[in-house]
A.B. asks: 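One structure follows; several queries about it will come next.
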Amino acid sequence: MTAPTVNMDTTVDVIPLGGLGEFGMHMMAFRCAGTIIVVDAGIMFPDEELLGVDVIVPDIGFLLEHKSEVKAILLTHGHEDHIGAIPFVLPYLDVPVYGSSFTIELVRSKLEQHGMLKESRLHTIRAKDKLDFGPFTVEFFQVTHSIVDAFAVAITTPAGVIIHTGDFKIDPTPIDGRTFDLHTLAAYGDHGVLALFSDSTNAEHGGHTQSERTVNDRFESIFRTSKGRIVLSCFTSSIPRLQLVIDQARQFGRVVSFLGRRMVGNTEAAEELGFLKVPPGTVIRSRDIKNHPRDKVVVVAGGCQGEPLSALSRIALDTHKDVDIAPGDTVILSARMIPGNENAVGRMMDHFYRRKTELYYPDGSQPPVHVSGHASEEELKLVLSLVKPKYFTPIHGTYRQLHRHAKLAERTGAVREKVILAETGDIIRYDALGGGVVGKAPVGRVLIDEGSLEEVGEMVVRDRKHISEDGILVTIIAINKQTGAIEIAPELVFRGVGFAEEARILAEGKQMVIDTVNASSVEERGDYTVIKEKIRKDLKKFIYKQTSKRPFILPVIVEK
Ligand SMILES: [Zn+2]
Ligand SMILES: [Zn+2]
């Protein structure tokens with residue numbers, strides 16, 4: 001008996017380059033007969049441990065190894081963990097990018113900001129559009145999620161159909177009325193699906209994820225009873241949520257002001273594309289806020305994750321130039337805390353409480369001020385049973401979430417052959433012998449300091465590479481948490497940076513740290529996340545101006 005022969009032209013490899021067994025940084029390569037297509041190119045947000053790093057992107061070494069084979073990047077939706085790496089990937093891979101109108105609009109503004117729009121080839125596609133890339137035919141179809149214009153992709157390959165859900169929940173009453181295209185999903189299932197890759201973010205949650213519409217009931221009761229100014233924050237891409245804010249503001253006679261570069265940009269783009277309906281006269285500029293009575297304004301600020309220099313963080317510390325906060329004002333945090341941000345958000349909430357504001361945040365009370373955009377168990381089961389895949393691989397989640405989703409899939413009995421529990425870097429192969437993990441691709445994380453963006457060639461640097469090439473500058477300072485006083489004067493220590501006028505740079509650098517601290521309020525000085533970020537930004541600017549060098553800057557605050 002001879003072993004079955006394997007035809008390489010019908011062998012399909014799927015390689016997750018990020019997002020499986022980790023939080024964020026979604027990117028997945030599909031490879032067949034000398035063609036590679038990539039789904040999503042997202043970032044992971046650094047946590048407090050990684051101070052000095054702005055974003056984390058997937059290592060694309062595998063794609064660069066097979067550069068000539070890469071034909072396109074397909075984007076499922078516009079969240080940062082799916083599109084954020086595009087500006088860091090395109091300088092190395094000159095390929096067209098495809099996505100829905102809102103997704104492409106977000107990518108466009110991102111590239112514009114990095115001054116690299118011209119070189120890029122962006123293509124807007126609509127639901128049910130089909131594209132051919134060598135052996136692959138790709139069809140996009142509508143799903144519901146916390147952002148508008150989100151797609152799943154069905155990829156027809158010589159080995160069979162592969163479905164990648166992107167991020168989704170099944171919301172029967174989405175704010176924009178565009179429901180999950182379950183018919184297309186089921187039709188693929190009826191014809192037979194080789195493999196399903198499905199979102200595991202909420203695999204630990206039983207039941208159904210609540211509809212976006214339930215948030216409206218809570219907003220309505222908060223708006224009805226609020227006596228002062230309302231300050232609300234949510235993710236800047238949560239267009240359906242922002243629609244609810246605008247609707248409630250209209251109902252209760254308030255104007256709306258969007259704060260923060262990204263919040264303003266995203267809402268303008270969404271309005272232009274028809275995803276956000278803004279009645280004339282509703283939106284005012286932030287500098288006009290002071291001309292309206294407190295109880296006639298809703299301020300929508302970016303920074304729901306406690307980002308130290310964001311609009312919301314400034315409002316919490318009462319250092320925003322256009323918005324002050326007074327006892328009796330209402331603050332709504334309409335977002336969940338991304339793991340790693342709990343402390344920063346917690347400190348920000350403390351600042352708001354100290355100012356005697358009424359604070360609403362996701363604390364389990366119903367109706368909620370925030371609902372998830374990701375499917376819970378029952379929705380995941382529904383997708384599995386409609387698709388009935390031969391192979392199933394959970395994606396988008398920590399290993400725990402992937403594991404839970406895998407177990408759930410086994411219980412449904414919907415997977416015809418087997419569940420393949422894979423992690424970032426696993427090469428999953430489908431051929432005549434079956435499906436399974438056959439090897440490892442080079443993968444990893446690349447840490448990026450956005451300050452060095454101008455140098456495109458230097459953009460993708462590993463953290464160690466950054467330190468080894470540009471050196472590291474550590475500043476240590478002791479600050480009294482209660483009084484904000486500098487207890488021990490700052491120390492500057494550097495390695496691997498050659499300064500021409502070392503003594504002067506160090507002396508001026510130390511003085512600059514002192515000035516930054518002294519220019520901050522006592523509350524800011526007691527919030528180490530905030531003061532560290534201010535010191536880092538100022539030192540970075542100072543060192544670059546003085547030396548044209550960009551060392552890795554690490555402020556350390558010693559509590560006194
Ligand atoms: Zn995501
Ligand atoms: Zn998403």
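In this chain, numbering begins with 1 at the start of the sequence shown. One-based numbering, in listed order, for ligands and for the atoms of each.
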A.B. asks: Step through it carefully: locate the ring centre of His396, locate the ring centre of His82, and say whether they are under 6.0 Å apart.
C.D. replies: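 His396 vs His82: aromatic centres under 6.0 Å.
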
A.B. asks: Can you tell me, to 10 degrees, how wide the angle at the Zn ion (ligand 1) is between NE2 on His82 and OD2 on Asp81?
C.D. replies: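 Value, to the nearest 10 degrees: 100°.
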
A.B. asks: Counting backbone and side-chain atoms alike, does Asp167 have an N/O/S atom under 2.8 Å from the Zn ion (ligand 1)?
C.D. replies: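 Yes, within the cut-off.
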
A.B. asks: Which atom, counting only N, O or S, brings His79 closest to the Zn ion (ligand 2)?
C.D. replies: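 So the atom name we want here is ND1.
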
A.B. asks: Would you find a donor on one side and an acceptor on the other, under 3.5 Å apart, between the side chain of Thr330 and the backbone of Ile230?
C.D. replies: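 Pair absent, no side-chain N/O of Thr330 close to backbone of Ile230.
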
A.B. asks: So, His374 and the Zn ion (ligand 2): N/O/S under 2.8 Å, yes or no?
C.D. replies: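 Given the 2.8 Å cut-off, His374 does not count as a ligand of the Zn ion (ligand 2).
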
A.B. asks: Does Glu112 come within less than 4.0 Å of Arg108, counting only side-chain N to carboxylate O?
C.D. replies: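 Arg108 and Glu112: not salt-bridged.
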
A.B. asks: Any ion pair linking Lys110 and Glu80 (charged N to carboxylate O, less than 4.0 Å)?
C.D. replies: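 Looking at Glu80 and Lys110, the cut-off is met.
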
A.B. asks: Determine, for Lys169 against Asp199, whether the closest basic-nitrogen to carboxylate-oxygen distance falls under 4.0 angstrom.
C.D. replies: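 Salt bridge between Lys169 and Asp199, a charged N being under 4.0 Å from a carboxylate O: no.
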
A.B. asks: Have a look at the Zn ion (ligand 2) and estimate, to 10 degrees, the angle subtended by NE2 (His77) and NE2 (His145).
C.D. replies: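 Reported to 10°, the angle equals 100°.
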
